[in-house]
There are 2 protein chains.
Amino acid sequence: MSAHHENDQPSLTKNQALVLGALTGSNGPLTAYAILDLLRADGFRAPLQVYRALDKLVDFGMVHRLESLNAFVACRHPGCTSHDSAAFAICEQCGLVTEFTPDKALDMLKDWAKGEGFQMAKTTIELRGLCRTCTAH
Amino acid sequence: MSAHHENDQPSLTKNQALVLGALTGSNGPLTAYAILDLLRADGFRAPLQVYRALDKLVDFGMVHRLESLNAFVACRHPGCTSHDSAAFAICEQCGLVTEFTPDKALDMLKDWAKGEGFQMAKTTIELRGLCRTCTAH
DNA sequence: CCTATATAGTAATATTATAACATGATGAGC
DNA sequence: GCTCATCATGTTATAATATTACTATATAGG
């Protein structure tokens with residue numbers, strides 16, 4: 001297996017590719033156990049197979065964990081380089097998840113961190129509410 | 001039991017007061033099961049007693065849930081009126097949790113939401129990294 | 001008193017995540 | 001090609017977090 005370097009597309013193992021495929025094929029976030037069920041036909045038997053692949057995919061920046069849902073989404077952020085600072089808007093009605101990069105908000109948070117002497121490694125930003133469509137209805 | 005109105009200090013039930021006491025007496029976040037263990041001496045027997053009290057306390061804005069820790073903290077934010085938009089910096093070394101109100105960052109997120117037609121009900125903002133003390137060491 | 005609502009107790013179970021240990025594949029250096 | 005270190009995998013069991021379902025009790029308002 002070739003090593004992963006920053007800015008490379010890491011080559012994925014079979015399990016990692018299967019898990020990523022499940023996520024990219026889904027139109028929304030999936031829990032680890034939902035992924036497990038999707039991949040039983042491919043030979044998956046145990047949660048750890050999913051969790052281990054997810055750990056790597058998150059490391060690679062190809063998948064994000066949604067903390068407030070205990071679920072995972074493939075990164076839809078084209079050309080995104082700062083995978084540790086994506087933000088998500090989650091519709092509580094229809095489940096739609098929209099990824100975006102809140103650069104300005106991140107700058108404000110960095111300012112706070114600087115003033116506080118806090119060395120920021122990762123941010124979790126998740127908005128809950130109603131998407132445009134569900135608001136209209 | 002008197003009703004809770006916005007801007008009131010709601011009167012708490014016995015269980016709610018016990019759970020809040022456990023959290024204010026702690027110098028950091030507690031999980032629901034940690035709270036349960038602390039309150040066994042007071043007669044708590046089951047997780048649901050804790051979860052039900054936590055639900056109410058979070059409703060009241062007196063307790064926050066830290067999504068990335070599956071844990072809870074008493075609100076330390078004096079005079080805070082926007083309990084749905086607190087932010088937290090979590091030190092991954094020592095566990096210190098610092099609550100703050102990221103007004104500017106929230107404005108940026110509100111701008112994004114407005115442009116997107118997303119009706120924001122609640123935000124989760126959690127920073128992970130190293131606190132000042134741990135950075136120094 | 002009657003009833004609607006909120007709170008509470010308890011047992012069982014569902015959901016999410018990890019520990020522990022054995023096995024197999026791969027690549028670097030010799 | 002062999003050896004070793006490393007990483008990925010498979011499997012079982014278990015831990016940690018959260019909810020469902022059902023019952024009972026209290027209380028405020030009519």
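Letters go in sequence order (proteins before strands), and every chain restarts at 1. For clarity, every value in this text was computed on a predicted model and none was experimentally measured.
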In whole angstrom, what separates [X]'s [atom1] from [N]'s [atom2]?
{"X": "A:Y51", "N": "C:dT15", "atom1": "OH", "atom2": "P", "value": "12 Å"}
{"X": "B:L69", "N": "D:dT17", "atom1": "CG", "atom2": "C1'", "value": "13 Å"}
{"X": "A:L18", "N": "D:dT9", "atom1": "CG", "atom2": "C1'", "value": "13 Å"}
{"X": "B:L48", "N": "C:dA14", "atom1": "CG", "atom2": "C1'", "value": "13 Å"}
{"X": "A:L12", "N": "D:dC7", "atom1": "CG", "atom2": "C1'", "value": "15 Å"}

Mind listing the closest non-hydrogen atom pair of [X] and [Y] along with its distance?
{"X": "A:R132", "Y": "B:E116", "answer": "NH2-O, 3.1 Å"}
{"X": "B:A53", "Y": "B:V19", "answer": "CB-CG2, 3.6 Å"}
{"X": "B:K14", "Y": "B:D42", "answer": "NZ-O, 4.4 Å"}

- [ ] Report yes if some heavy atom in the side chain of A:T124 is under 4.5 Å from a heavy atom in the side chain of B:I125; otherwise report no.
- [x] no
Between [atom1] of [X] and [atom2] of [Y], what distance do you get to the nearest 0.5 Å?
{"X": "B:L66", "Y": "B:N70", "atom1": "CG", "atom2": "CG", "answer": "9.5 Å"}
{"X": "B:F72", "Y": "B:L54", "atom1": "CZ", "atom2": "CG", "answer": "4.5 Å"}
{"X": "A:T135", "Y": "B:Q119", "atom1": "OG1", "atom2": "CD", "answer": "4.5 Å"}

Task: Degree of bending in the helix from C:dC1-D:dG30 to C:dC30-D:dG1 once both end axes are built from five pairs, to 10° - done: 30°
- [ ] Could you label the plane-to-plane angle of the A:F100 and B:W112 rings as parallel, tilted or perpendicular, counting under 30° as parallel and over 60° as perpendicular?
- [x] parallel
- [ ] Specify the residues of residues 27-41 of chain B, ordered by number, for which at least one heavy atom lies under 4.0 angstrom from an atom of DNA chain D.
- [x] B:T31, B:Y33
Task: Residue whose nearest DNA chain D nucleotide is more 5′ - B:F72 or A:N15 - done: A:N15
TODO: Identify, residue by residue, the members of residues 87-96 of chain A with a heavy atom below 4.0 Å from DNA chain C, and return them in order of residue number, or none.
DONE: none
TODO: Find out if a path of hydrophobic residues (ILVMFWY) with successive side-chain heavy-atom gaps under 4.5 Å connects B:V50 to B:V73.
DONE: no
Task: Carboxylate-amine/guanidinium proximity below 4.0 Å for A:E99 and A:R76 - done: no
Strictly below 4.0 Å: does [X] bring a side-chain N or O up to OP1 or OP2 of [N]?
{"X": "A:R52", "N": "D:dT11", "value": "no"}
{"X": "B:N70", "N": "D:dA18", "value": "yes"}
{"X": "A:T13", "N": "D:dT9", "value": "yes"}
{"X": "A:K14", "N": "D:dA8", "value": "no"}
{"X": "A:Q49", "N": "D:dT9", "value": "no"}
{"X": "A:R45", "N": "D:dA13", "value": "no"}

Task: Close aromatic pair by centroid cut-off 6.0 Å: A:F88 and A:H64 - done: yes
Open item on the list: Checking side-chain polar atoms at under 3.5 Å, does A:S68 have a donor or acceptor matched by the opposite partner on A:E126?
Closed with: yes
- [ ] Let me know, please, whether B:P47 or B:F44 comes out on the 5' side of the other along DNA chain C by nearest nucleotide.
- [x] B:F44
